Asker: 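First, the structure itself, so that you have it in front of you.
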There are 2 protein chains.
Amino acid sequence: MAGEKAHHERCEGHGHAHSPHSDVAAMIECARAFAAARKLPFTEMRARVLTVLAREEKPLTAYEITDRLSVSKKVQAVQVYRALDFLQEAGCVHRLASKASYFACDHEHHPGEAVVFMVCSQCGTVQEAPSDLVAQGLQGAAEHAGFKPAYPIVELEGECARCSETKAA
Amino acid sequence: MAGEKAHHERCEGHGHAHSPHSDVAAMIECARAFAAARKLPFTEMRARVLTVLAREEKPLTAYEITDRLSVSKKVQAVQVYRALDFLQEAGCVHRLASKASYFACDHEHHPGEAVVFMVCSQCGTVQEAPSDLVAQGLQGAAEHAGFKPAYPIVELEGECARCSETKAA
DNA sequence: AGGGAAGTGTAATAGTATTACACCCTTGCG
DNA sequence: CGCAAGGGTGTAATACTATTACACTTCCCT
Ligand SMILES: [Zn+2]
Ligand SMILES: [Zn+2]
Ligand SMILES: [Zn+2]
Ligand SMILES: [Zn+2]
């Protein structure tokens, strides 16, 4: 499921706001590698969608992406959804369930890992951080209920460090 | 935020599938108590929506609820959304972000608690279980990032015990 | 050359949620 | 009593999110 990502060690841990991705090219490379491994084409459309997300510091809805892309040439939402499906499979884009929006991911993910998406209700940015404790907690809850876990969705709404400071000032 | 719920100790722990709620009346009472505490009316519409959800073993979308209610008398989705807002505030209904659907809740919730919604991809039922470990994990991740947490969304897709057995047979 | 898997472009449709507005009904006053 | 304010209702319209269907292409394998 995870597949191989070409951009290991991008972000040394977590903590940096998701923000304008330092290296769009590296993310493209990640997607390209995934495509190659599956013998699937890494098409124009897929690259365009990923690029838009990677340049943005906040999650975008599929229709916002559609609008951005349509500036140059008219694009239909369904085309964007198709690309998003691919990119999510590739692991370089995540969907934010609470906001029905999508954002590019800088991180290397491992199966069985639980990643927390921290969403700022003020500025909308997302920070992601893996948590072993959360993973264990999920595992424990599932076990106790005889539930066989497949994949988790963990989102935390709140206020990011930057916005807290700003407000204090 | 939590408010007082009248139906303490309904479910001795967790583990029982969400299923046809043993005591619809108790849930109604919970909502009524919340309304009273806020000096808000517990209206017909609110009771009807809660009753539909409480009788159902799976989450329903707002439009499914609308259809159920419309059997007796035509109802608009917006009316259902309004009631759902109230019931969520009251804490007796939750929204499942991954499925954009709603289900009635049997449990007493406490602030700072993290509740895991285990969603069966086979039969669609939801089981909820609080997890201290998850709560700690979220707290830790937030702290490390300077993030001020407000409320978490924790959903775990997988296969429930019942469906696992069924398949084995 | 032929066949199949995968992608594209376009149109239409399904499904989820909100806004706007006119009206009602209670509560709390002057 | 008169009447304003807050909340709920009912209705219509609209906005926003996601999927299905289909005709056509392209690439790869044989
Ligand atoms: Zn990620
Ligand atoms: Zn912020
Ligand atoms: Zn609950
Ligand atoms: Zn099941």
Side-chain angles (χ1 to χ4, degrees), chain A residues 3 31-32 34-50 52-53 56 58-90 93-103 119 124 153 155, chain B residues 31-32 34-50 52-53 58-90 93-103 119 124 153 155:
Chain A
R32 189 189 305 283
F34 172 84
R38 298 273 187 109
K39 296 205 201 306
L40 294 177
F42 182 63
T43 64
E44 174 70 13
M45 192 69 212
R46 288 164 184 180
R48 291 218 290 158
V49 169
L50 180 53
V52 166
L53 286 178
E56 193 71 32
K58 294 190 289 190
L60 295 177
T61 68
Y63 278 82
E64 285 170 338
I65 298 169
T66 303
D67 290 345
R68 296 257 202 297
L69 293 180
S70 290
V71 170
S72 41
K73 180 197 160 215
K74 179 62 184 173
V75 159
Q76 300 292 130
V78 64
Q79 302 174 264
V80 171
Y81 279 107
R82 291 197 278 233
L84 285 172
D85 287 345
F86 173 90
L87 295 167
Q88 284 174 266
E89 290 269 315
V93 164
H94 299 302
R95 177 173 193 268
L96 200 59
S98 58
K99 296 287 198 305
S101 58
Y102 305 82
F103 62 98
V119 186
I153 294 175
E155 300 179 11
Chain B
R32 189 188 306 283
F34 171 85
R38 299 272 189 109
K39 296 205 202 306
L40 293 177
F42 182 62
T43 62
E44 174 70 14
M45 192 70 212
R46 289 166 183 179
R48 292 218 290 157
V49 169
L50 179 53
V52 166
L53 286 179
K58 293 190 290 190
L60 295 177
T61 68
Y63 278 82
E64 287 170 337
I65 298 169
T66 303
D67 290 345
R68 296 257 202 297
L69 293 180
S70 291
V71 169
S72 41
K73 180 197 160 218
K74 179 62 184 174
V75 159
Q76 300 292 130
V78 64
Q79 301 174 265
V80 171
Y81 279 108
R82 291 197 278 232
L84 286 172
D85 287 345
F86 173 90
L87 295 168
Q88 284 174 266
E89 290 270 313
V93 164
H94 299 303
R95 177 174 193 267
L96 199 59
S98 58
K99 296 287 198 301
S101 57
Y102 304 82
F103 62 98
V119 187
I153 295 175
E155 301 179 10

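Lettering of chains follows the sequences in order, A, B, ..., and the numbering in each one begins at 1. Note that the structure is a prediction, hence the values are computed from the model and not measured.
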Asker: Rounded to the nearest angstrom, tell me the gap between atom CD in E44(B) and atom C1' in dC25(C).
Answerer: 16 Å
Asker: Using a cut-off of less than 4.0 Å, is there contact between a side-chain N or O of T43(A) and OP1 or OP2 of dG7(C)?
Answerer: no
Asker: Assess the residue pair V49(A) and V93(A) against the criterion (side-chain contact (heavy atoms from CB on, under 4.5 Å)); give the C-alpha distance rounded to whole Å, side-chain angles, the decisive distance to 0.1 Å, and a yes or no.
Answerer: CA-CA 10 Å; V49(A) 169; V93(A) 164; over 6 Å; no
Asker: Output the rounded distance in Å from OH (Y63(A)) to P (dA14(C)).
Answerer: 14 Å
Asker: Can you check the R48(A) CZ to dT8(C) P distance for me, whole Å?
Answerer: 11 Å
Asker: Round to the nearest Å and state the distance from R38(A) atom CZ to dG7(C) atom P.
Answerer: 11 Å
Asker: Would you find a donor on one side and an acceptor on the other, under 3.5 Å apart, between the side chain of T66(A) and the backbone of Q76(A)?
Answerer: no
Asker: Please check: side-chain N/O of R46(B) versus main-chain N/O of P41(B), any donor-acceptor pairing under 3.5 Å?
Answerer: yes
Asker: Starting from C1' on dG15(C), measure out to CG on D67(B) and report it in whole angstrom.
Answerer: 11 Å
Asker: Which two nucleotides bound the region of DNA chain D that has atoms under 4.0 Å from heavy atoms of chain B, read 5' to 3'?
Answerer: dG8(D) to dA12(D)
Asker: Judged by atom type as modelled, is there a donor-acceptor pair below 3.5 Å linking the side chain of E155(A) to the main-chain atoms of V119(A)?
Answerer: no
Asker: Check step by step if side-chain contact (heavy atoms from CB on, under 4.5 Å) holds for L53(B) and L84(B).
Answerer: CA-CA 10 Å; L53(B) 286 179; L84(B) 286 172; 4.0 Å; yes
Asker: When the distance from CD of Q79(A) to P of dG7(C) is rounded to whole Å, what number comes out?
Answerer: 13 Å
Asker: Which part of the nucleic acid does K73(B) contact within heavy-atom distance under 4.0 Å: base, sugar-phosphate only, or nothing?
Answerer: sugar-phosphate
Asker: Toward the 5' end of DNA chain C, which comes first, V78(A) or F86(A), by nearest nucleotide?
Answerer: F86(A)
Asker: Can you name the closest pair of heavy atoms from P59(B) and E64(B) and give their distance?
Answerer: O-OE1, 4.2 Å
Asker: Carefully, step by step, assess L69(A) and Q79(A) under the rule side-chain contact (heavy atoms from CB on, under 4.5 Å).
Answerer: CA-CA 11 Å; L69(A) 293 180; Q79(A) 302 174 264; over 6 Å; no
Asker: Calculate the interatomic distance between F42(A) atom CZ and dT8(C) atom P; express it in whole Å.
Answerer: 11 Å
Asker: Name the orientation class of the two ring planes belonging to F86(A) and F34(A) (parallel below 30°, tilted from 30 to 60°, perpendicular beyond 60°).
Answerer: perpendicular
Asker: For DNA chain C, what string of dots and brackets results from 5' to 3' when Watson-Crick and G-U pairs need both distances under 3.5 Å, crossing pairs get [ ], and pairs with another strand get |?
Answerer: ||||||||||||||||||||||||||||||
Asker: Could you pick out which residue, K74(B) or Y81(A), lies toward the 5' side of DNA chain D when each is mapped onto its nearest nucleotide?
Answerer: K74(B)
Asker: Atom CG of L60(B) to atom P of dT16(C): distance rounded to whole Å?
Answerer: 11 Å
Asker: Do any N or O atoms from the side chain of T61(A) and from the backbone of S101(A) form a donor-acceptor pair under 3.5 angstrom?
Answerer: no
Asker: For dA17(C), does OP1 or OP2 lie under 4.0 Å from any side-chain N or O of Y102(B)?
Answerer: yes
